[in-house]
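Okay, so here's the structure we're looking at.
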Amino acid sequence: MTHPYLDIHPDVAQAITQRRPVVALESTIISHGMPYPQNVATALQVEAEVRAHGAVPATIAIINGRLKAGLTAAEIETLGKTGRSVVKVSRRDLPFIVAAGATGATTVAATMIIAAMAGIRVFATGGIGGVHRGAQQSFDVSADLQELAQTPVAVVCAGAKSILDLGLTLEYLETHGVPVIGYQTPWLPAFFTRDSAFKVDYPLDSAQAIAQVMHAKWAMNLQGGLVVANPIPEAFAMPRAAIDAAVEQALQEAQRQHITGKESTPFLLARVCELTGGDSLASNIQLVLNNARLAAAIARDYLALG
Ligand code: PSU
Ligand code: MN
């Protein structure tokens, strides 16, 4: 697919033309989701994992005002090294960064938009944004949820971090017609843990079954995407008490420091990572790799449906 502002990496373009599976990957997870240099190493490892499972990775970002579906290793290094000083780009920010010819890292929402422009239907990440705790007062609801309501991409994630209100996030998604699929689980995973107090809408046991739902949804012209919630592998799950304590402390610090708007999620992610030390980072990396594997299988099975 062509678009005046979009550059599709030749490997990605070739895969799309030859009807081979492609998996989109986001870049805010690189700049704002993990510390340097582990963020760069992880981004490259995730791309390698997608390739090892028979699909072509398309890491998405905005470089010098161009929307990119597929980055070079040098571009990934720059985003990772610049870290939280890179502009975090969601739907609202896209036209400004493009008009200014600037560089930005794309959130789940902006990555979905660019993936859909390029004709990519499957996207792997770590965690999605959602309804924040205390949203009754702050109105802080991630633009990721509205994007899922309108843009046709399946987002494979490990659920959502408990910095969010998982119950309200599910309510919001239900209102907007976004199904939440549990991969081989009836429970909504909470990122570092395999389950939470909440159930998913539809547990499905195979990539093929997920691909069939995507096909049915879009063949009926039902707009929007799907959440595929893939629990962190058992061996890398974290003790719930340790995560809960770090999340509580991070939330209190954010409140005291009056952190709001787009700064909120990066602040909380960084604090939870610091407070839990290397353990949570290792878990974070493993769950993204796990999501990349499932996304590659879903992309393959979706193409097979014609
Ligand atoms: N949750 C994570 N890791 C992340 C993010 C969320 O566990 O890296 C990033 C994603 O890019 C997501 C964004 O799209 O944060 C959501 O930001 P906000 O809540 O401001 O919409
Ligand atoms: Mn927000």
Side-chain angles (χ1 to χ4, degrees), residues 24-36 38-39 42-43 46 59-62 79-80 83-84 86-94 104-115 123-149 151 153 155-166 168-169 172-173 188-193 196 225 227 229-230 232 238 243 246-247 250-251 254-255 258-274 276 280-281 283-288 290-291:
L25 301 165
E26 63 150 312
S27 45
T28 294
I29 190 176
I30 306 173
S31 58
H32 293 67
M34 287 183 195
Y36 181 79
Q38 291 94 336
N39 55 1
T42 303
V46 171
T59 303
I60 287 177
I62 304 157
L79 291 172
R84 282 169 70 187
V86 179
V87 185
K88 171 184 162 191
V89 181
S90 197
R91 169 176 277 270
R92 172 193 64 181
D93 316 288
L94 265 174
T106 49
T107 63
V108 167
T111 302
M112 289 177 73
I113 294 170
I114 297 168
F123 163 18
T125 187
I128 54 168
V131 179
H132 281 254
R133 297 207 209 168
Q136 299 90 328
Q137 292 297 322
S138 67
F139 267 54
D140 191 352
V141 178
S142 173
D144 292 353
L145 301 186
Q146 268 302 310
E147 208 57 54
L148 281 159
T151 301
V153 174
V155 180
V156 182
C157 62
K161 279 206 177 87
S162 58
I163 56 171
L164 302 172
D165 187 318
L166 299 186
L168 292 187
T169 300
Y172 193 98
L173 290 170
L188 178 68
F191 199 87
F192 292 118
T193 55
S196 67
V227 176
N230 185 27
I232 184 171
M238 302 267 299
I243 288 298
V247 166
L251 286 167
Q255 205 171 20
H258 306 290
I259 308 241
T260 58
K262 71 190 283 192
E263 305 305 327
S264 177
T265 296
F267 175 88
L268 294 169
L269 296 178
R271 282 306 284 149
V272 170
C273 185
E274 284 157 11
T276 50
S280 76
L281 186 57
S283 294
N284 200 340
I285 293 167
Q286 290 301 325
L287 68 82
V288 181
N290 191 44
N291 294 341

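Numbers for residues simply follow the sequence, beginning at 1. Order of appearance sets the numbers: ligands from 1, and atoms from 1 within every ligand. It should be emphasised that the depicted structure is a prediction, and the values quoted were computed from it without experimental measurement.
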Please could you name the atoms of ligand 1 that [X] approaches to less than 4.0 Å, counting only its heavy atoms?
X	value
D144	12 (C), 14 (O), 16 (C)
K161	2 (C), 3 (N), 7 (O)
H132	19 (O)
G33	8 (O)

Return the residue, atom name and 0.1 Å-rounded distance of the protein heavy atom closest to [atom].
atom	value
atom 15 (O) of ligand 1	T265 CG2, 3.5 Å
atom 3 (N) of ligand 1	L269 CD1, 3.6 Å
atom 21 (O) of ligand 1	S142 OG, 2.6 Å
atom 1 (N) of ligand 1	G127 O, 3.5 Å
atom 11 (O) of ligand 1	E26 OE1, 2.6 Å
atom 9 (C) of ligand 1	T28 CG2, 4.2 Å

V108, any N or O under 3.5 Å of ligand 1 N or O | yes
4.0 Å heavy-atom contact, H32 with ligand 1 = no
Look up atom [atom1] in [X] and atom [atom2] in [Y], then write down how far apart they are to the nearest 0.5 Å.
X	Y	atom1	atom2	answer
T59	I29	OG1	CD1	10.5 Å
N230	N290	CG	CG	4.5 Å
L164	L251	CG	CG	9.0 Å
H132	L168	NE2	CG	12.0 Å
L148	Y172	CG	OH	10.5 Å
S31	L79	OG	CG	6.5 Å

E147: partners by salt bridge (Lys or Arg N to Asp or Glu O under 4.0 Å), with sequence neighbours left out = R91
Name the one of T106, N39, T107 that satisfies side chain to side chain contact (heavy atoms under 4.5 Å, CB included) with S27?
-> T106
Knowing that exactly one of D165, I163, L166, D140 qualifies, which makes a side chain to side chain contact (heavy atoms under 4.5 Å, CB included) with R133?
-> D165
May I ask which of R91, E263, K88 has a heavy atom nearer to atom 17 (O) of ligand 1 than the others do?
-> K88
pair L281-P35: side-chain heavy atoms closer than 4.5 Å = yes
Does the side chain of K262 reach to within under 4.5 Å of the side chain of S90, using non-hydrogen atoms?
-> no
Listed protein N/O/S atoms, distance to the Mn ion (ligand 2) under 2.8 Å | D140 OD1
For Q255, does the CD atom have more than 12 heavy-atom neighbours from other residues, nucleotides or ligands under 6.0 Å away?
-> no
